Asks: 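Dropping a structure here in structure tokens format, bear with me for questions.
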Amino acid sequence: MTAVEVNFDGLIGPTHNYGGLAQGNLASASNEGKISNPREAALQGLAKMRALLRMGLIQGVLPPHERPHIPSLRKMAFAGSDADVLRAAARASPALLTNVSSASAMWTANAGTVSPSADTGDGRVHVTPANLSSHFHRAIETATTSRVLAAIFSDASRFAVHPAVPFATFGDEGGANHCRLSASHGERGVELFVYGRSAFAKSDGRRFTPRQAMEASHIVATQHQLWAGGGALLAQQGQAAVDAGAFHNDVVAVSNCNVLMFHAHAFEQKEVLTEALKRACESKGFEPVLLEAGADELTLEEAVKSYQFNSQIVTLPTGGMALILPSEVEEAPRAKAFVDRVLASNGPIREAHYFNLRQSMRNGGGPACLRLRVVLTESELAALAGRAILDEARIVALEEIVRQRYRDRLESSDLADPALLDESRTALDEIGQVLGLGAVHGFQRI
Ligand code: SUG
């Protein structure tokens, strides 16, 4: 079966700011309190989407969420008009206001985990929205994300959109901890679920607690019906990588079709894993191409700082593959040298494209974080009827909204401004009209 990968990038929202909210994410911690530029952020993201579209790829987009998130504040018993709720929350706890204002839904690699129909027991595409329970500011994304995914993948004969993994203890961070290897997008592949720890492990003085629970990975693989015929593998993130700031596995590993590119310390028991992967791929009739950066070639610190592995590997319509990288890699000589070595190796990756995504990168979000990968056959793609799929005209329309409605400067004291909430809701309404998603936000559903 022929299939294509559609990347659904998160459109960066009007409240993009630097809250210092994310544990284990060094960029988020070091940029806390900086002044952000939501307009520039969204335009940088849209420029990447346009570039991929122009490479001949199918590009989707997921909308920003309502922020500050008034429904969450009302659940905490803040009452009165929306402006009253904002004012009271700001007075009670600036940290709370920052948390309910994060535009973190932009990092759609964390929106959910998607298994293509070629891999699943019932031949449908399976989608599990991530519960993101490790962080409050991210956990409040799940309800809206679930509605958005259900609206896009609404044909139940082709798509199964599951509830998020239950029980906050079983932290699930979605596609950021999930790789897939296959001969081509449309053939049955091997899905690699990368967890950080068991939910029941005692804390043992690690620098950072990993976010993804092994149990959550297992639940997702099971509800996606992947186990039969060796279609799924579980592997543990290297704790050294977590401690160095790889809060998701996609900071140190990325896959596409038969290629897995990773840092030497990305996984615990690397030899056992690579042997198991080779065997699993062989059973599906292909050999994986393992592109490993040695620790002497690139230290973990260099990998995390440059976001070298937080790249996309995309299959071009002409057949070869291209790397989509953050411009930080171009400025890091040893990371760039690794990319050049990969390009020179005469392997499947033929091109490297660098993008300025600095606004998102300052919160630890590179090219790979900003997109949710969804492999679709022709008829599955047709079943979306264009919902959330971009073309040039839609990109222009989104840019127009961003230029008109988004601020070019935001600091934490602005988050309590009721005008910011109004501007954001207006933008979200207009974005929804462009994408044809219906009423997915709470304020649109009252
Ligand atoms: O969860 N940053 C996000 C970045 C997510 C990146 N995603 C992937 N690696 N796939 C996080 O750590 C920072 C928000 C702030 O500090 O304002 C934040 O949530």
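Just so it is clear, the model here is predicted, and its values are computed rather than measured. First listed ligand is number 1; within each ligand, the first listed atom is number 1.
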Asks: What do you reckon, does Asp250 have a nitrogen or oxygen under 3.5 Å from a nitrogen or oxygen of ligand 1?
Replies: yes

Asks: Of the backbone atoms (N, CA, C, O) and the side-chain heavy atoms from C-beta on, which set of Glu32 has a member under 4.0 Å from an atom of ligand 1: side chain, backbone, both, or neither?
Replies: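 Neither part.
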
Asks: Measure the distances from the heavy atoms of Glu173 to every atom of ligand 1 and state whether one is below 4.0 angstrom.
Replies: no

Asks: Between Gln225, Arg180, His126, His224, which is the residue that forms a side-chain contact (heavy atoms from CB on, under 4.5 Å) with Asp119?
Replies: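 The residue from Gln225, Arg180, His126, His224 that satisfies side-chain contact (heavy atoms from CB on, under 4.5 Å) with Asp119 turns out to be Arg180.
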
Asks: Ignoring hydrogens and geometry beyond distance, is a side-chain donor-acceptor pair present between His16 and Gln359 at under 3.5 Å?
Replies: yes

Asks: Could you work out, for atom 6 (C) of ligand 1, the closest of Gly366, Gly33, Cys369 by heavy-atom distance?
Replies: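 Comparing heavy atoms across Gly366, Gly33, Cys369, the nearest one to atom 6 (C) of ligand 1 lies in Cys369.
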
Asks: Considering only non-hydrogen protein atoms, determine which one is nearest to atom 17 (O) of ligand 1 and report residue, atom name and distance to 0.1 Å.
Replies: Gly19 N, 2.9 Å

Asks: Can you tell me which portion of Arg138 lies within the under-4.0 Å heavy-atom range of ligand 1? Options are side chain, backbone, both, or neither.
Replies: side chain

Asks: Give the numbers and elements of all ligand 1 atoms closer than 4.0 Å to a heavy atom of Asn17.
Replies: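 Matching atoms, with element in brackets: 17 (O).
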
Asks: Taking only heavy atoms of Gly20 into account, list the atoms of ligand 1 that are under 4.0 Å away from them.
Replies: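 Ligand 1 atoms under the 4.0 Å threshold to Gly20: 15 (C), 16 (O), 17 (O).
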
Asks: Is the closest side-chain donor-acceptor distance between Glu5 and Asn7 under 3.5 Å?
Replies: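 On atom types as modelled, these side chains qualify, holding a pair under 3.5 Å.
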
Asks: Salt-bridge test for Arg425 and Asp82: reply yes if a basic N is under 4.0 Å from a carboxylate O, no otherwise.
Replies: yes

Asks: Is the shortest distance from a heavy atom of Thr98 to ligand 1 less than 4.0 Å?
Replies: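 Judged by the 4.0 Å heavy-atom criterion, Thr98 does not count as contacting ligand 1.
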
Asks: Could you list which atoms of ligand 1 come closer than 4.0 Å to a heavy atom of Ala176?
Replies: 10 (N)

Asks: Tell me which one of Arg211, His137, His16, Lys34 gets a heavy atom nearest to atom 1 (O) of ligand 1.
Replies: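 Among Arg211, His137, His16, Lys34, the closest heavy atom to atom 1 (O) of ligand 1 comes from Arg211.
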
Asks: Taking the six-membered ring for Trp, are Phe193 and His178 parallel (under 30°), tilted (30 to 60°) or perpendicular (over 60°)?
Replies: tilted

Asks: Show me which atoms of ligand 1 lie under 4.0 Å from any heavy atom of Ala109.
Replies: 10 (N)

Asks: Hey, are Ser28 and Arg362 close enough side-chain-wise for a donor-acceptor pair under 3.5 Å?
Replies: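 Judged by distance alone, the side chains do not pair up.
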
Asks: Are more than 12 heavy atoms from other residues, nucleotides or ligands located less than 6.0 Å from atom CD of Gln269?
Replies: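 No, because the 6.0 Å sphere around CD of Gln269 holds 12 heavy atoms or fewer from other groups.
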
Asks: Could you point out which residue of Thr98, Leu421, Asp414, Leu420 forms a side-chain contact (heavy atoms from CB on, under 4.5 Å) with Thr15?
Replies: Leu420

Asks: Find all atoms of ligand 1 within a distance of less than 4.0 Å from any non-hydrogen atom belonging to Gly364, and give their numbers and elements.
Replies: 4 (C), 6 (C)

Asks: So which protein heavy atom does atom 18 (C) of ligand 1 come closest to, and at what separation?
Replies: Trp107 CZ3, 3.5 Å

Asks: In terms of atom number and element, which parts of ligand 1 are under 4.0 angstrom from non-hydrogen atoms of Asn25?
Replies: 2 (N), 3 (C), 4 (C), 11 (C), 12 (O)

Asks: How about CZ on Arg409, more than 12 heavy atoms from neighbouring residues, nucleotides or ligands closer than 6.0 Å, or not?
Replies: no

Asks: Under 4.0 Å, heavy-atom basis, I'd like to know which part of Asn363 is in contact with ligand 1: side chain, backbone, both or neither.
Replies: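 Both the backbone and the side chain of Asn363 come within reach of ligand 1.
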
Asks: Would you mind running through ligand 1 and noting each atom that sits below 4.0 Å from a heavy atom of His248?
Replies: 7 (N), 8 (C), 9 (N), 10 (N)

Asks: Between the side chains of Lys305 and Glu328, is the shortest nitrogen-to-carboxylate-oxygen separation below 4.0 Å, so that they form an ion pair?
Replies: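 So Glu328 does not pair with Lys305 through a salt bridge.
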
Asks: Using a 4.0 Å heavy-atom cut-off, which part of Leu21 comes near ligand 1: side chain, backbone, both, or neither?
Replies: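 Under 4.0 Å from ligand 1, Leu21 contributes backbone and side-chain atoms.
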
Asks: Evaluate His248 against Trp107 for ring pair (Phe, Tyr, Trp, His ring centres under 6.0 Å), listing each step before the verdict.
Replies: CA-CA 12 Å; His248 291 135; Trp107 299 299; 9.5 Å; no

Asks: What atoms in ligand 1 come closer than 4.0 Å to a heavy atom of Ser28?
Replies: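 The list of qualifying atoms is 13 (C), 15 (C), 16 (O).
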
Asks: To the closest 0.5 Å, what do you measure between CG (Leu52) and CG (Leu57)?
Replies: 5.0 Å

